[in-house]
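One-based numbering, in listed order, for ligands and for the atoms of each.
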Amino acid sequence: MEKNIVEMVRKFVEEECKKPNANYPEAYKYHFISMHSIAKKLAEELNADIELVEIAAWLHDIGSIISGRENHHITGAKIAEEKLNELNYPQEKIEKIKICILNHRGSQEENNQREFIEAKIIAEADSLDAFNNISKQFLTTLVYEKKSLEEARNSIKNKLQNKWNQIELEESRKLIKLKYEAAMLLLG
Ligand SMILES: [Fe+2]
């Protein structure tokens with residue numbers, strides 16, 4: 001197995017995002033980098049398998065990039081399996097990464113199977129990355145969903161409050177607390 005497997009996986013994801021037919025190419029810059037950073041911090045705090053968490057973080061939305069948003073947890077798990085087999089990553093770790101990816105979406109049925117800490121970290125880091133991207137959420141709500149400024153502000157505030165209330169890991173709460181309080185203050 002290559003030593004710098006995390007870097008190889010990161011590079012693979014970055015290259016896929018640069019391809020002309022990539023869906024959501026901007027996700028690399030505006031989601032993957034910051035989500036990976038939260039996941040890595042949580043893995044360190046919680047004594048989880050850091051390498052596994054880092055790989056799962058880079059790959060968790062790869063299905064979205066290559067095959068589109070719908071069912072991207074399922075397409076992503078398959079793409080991750082193929083890529084990690086190609087890199088000779090240990091089979092039992094590939095299985096765990098697949099579970100992390102399959103269960104990372106709060107909106108999907110499979111999400112009750114986060115029975116190990118690495119899967120919890122991936123789902124939580126993905127959700128909490130919203131606190132790093134408030135301007136992007138305004139773009140989505142105002143431009144794509146065509147909401148008024150008032151509606152956008154309220155819907156973003158509600159979304160962030162829900163995310164805060166749904167935090168499962170105490171370490172996440174500590175990590176995000178200042179940003180949550182600042183967001184509530186700014187969104188009035
Ligand atoms: Fe994500």
Side-chain angles (χ1 to χ4, degrees), residues 6 9-19 22-43 46 48-84 94 96-114 116-141 144-145 155-156 159-160 162-169 171-173 175-176 179-180 183:
V6 175
V9 169
R10 185 202 65 74
K11 194 86 198 140
F12 163 68
V13 174
E14 188 181 22
E15 293 302 320
E16 287 298 324
C17 290
K18 279 185 193 158
K19 288 187 179 169
N23 301 289
Y24 309 104
E26 67 280 8
Y28 183 78
K29 192 173 169 197
Y30 294 110
H31 177 50
F32 289 25
I33 293 176
S34 47
M35 182 278 187
H36 163 268
S37 154
I38 300 176
K40 190 178 178 192
K41 276 188 204 135
L42 289 177
L46 290 157
D49 183 333
I50 297 173
E51 180 188 89
L52 193 141
V53 165
E54 285 198 80
I55 293 173
W58 287 122
L59 288 169
H60 84 281
D61 273 345
I62 191 67
S64 230
I65 301 299
I66 295 178
S67 314
R69 186 100 192 129
E70 200 185 340
N71 287 330
H72 75 269
H73 54 307
I74 298 169
T75 55
K78 195 166 176 291
I79 296 164
E81 181 174 30
E82 285 165 9
K83 187 68 198 169
L84 294 170
I94 296 182
K96 280 185 107 174
I97 287 176
K98 280 171 65 188
I99 293 173
C100 291
I101 298 175
L102 278 171
N103 296 290
H104 84 272
R105 300 176 73 183
S107 56
Q108 298 298 314
E109 282 175 22
E110 289 93 332
N111 74 2
N112 287 324
Q113 294 162 28
R114 295 177 201 142
F116 50 89
I117 192 67
E118 289 81 5
K120 286 198 175 83
I121 289 173
I122 292 299
E124 199 133 291
D126 189 34
S127 166
L128 296 180
D129 191 43
F131 287 95
N132 289 321
N133 293 299
I134 292 180
S135 54
K136 195 187 85 179
Q137 290 175 56
F138 270 102
L139 174 75
T140 312
T141 325
Y144 304 132
E145 294 171 12
S155 102
I156 293 166
K159 188 174 148 192
L160 295 177
N162 287 339
K163 284 180 186 286
W164 175 257
N165 291 333
Q166 283 162 11
I167 287 178
E168 280 184 41
L169 304 166
E171 285 72 11
S172 302
R173 205 167 280 122
L175 199 67
I176 236 68
K179 286 191 176 181
Y180 171 69

Trainee: With a 4.0 Å cut-off on N to O distance, would you call E118 and K96 a salt bridge?
Mentor: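 A salt bridge is present here (some side-chain N lies under 4.0 Å from a carboxylate O).
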
Trainee: Examine the side chains of H36 and H60 and answer whether a donor and an acceptor come within less than 3.5 Å of each other.
Mentor: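 No, no side-chain donor-acceptor pair sits under 3.5 Å.
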
Trainee: The Fe ion (ligand 1) to H104: any N/O/S contact under 2.8 Å?
Mentor: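 No, since none of the N, O or S atoms of H104 sits under 2.8 Å from the Fe ion (ligand 1).
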
Trainee: Does D129 bring an N, O or S atom to within less than 2.8 Å of the Fe ion (ligand 1)?
Mentor: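 It does not: D129 brings no N, O or S atom closer than 2.8 Å to the Fe ion (ligand 1).
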
Trainee: Tell me which N, O or S atom from H31 is the closest to the Fe ion (ligand 1).
Mentor: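 The closest N, O or S atom of H31 to the Fe ion (ligand 1) is NE2.
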
Trainee: For the side chain of Q137 and the backbone of A130, is there at least one donor-acceptor N/O pair under 3.5 Å apart?
Mentor: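 Looks like yes, one N/O pair under 3.5 Å.
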
Trainee: Taking the Fe ion (ligand 1) as the vertex, what is the angle from OD1 of D126 to OD2 of D61, given to 10 degrees?
Mentor: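 Angle OD1(D126)-the Fe ion (ligand 1)-OD2(D61): 170°, rounded to 10°.
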
Trainee: Set out, in order, the CA-CA distance, both residues' side-chain angles and the distance that settles side chain to side chain donor-acceptor pair (under 3.5 Å) for D129 and N132, then state yes or no.
Mentor: CA-CA 5 Å; D129 191 43; N132 289 321; 3.0 Å; yes

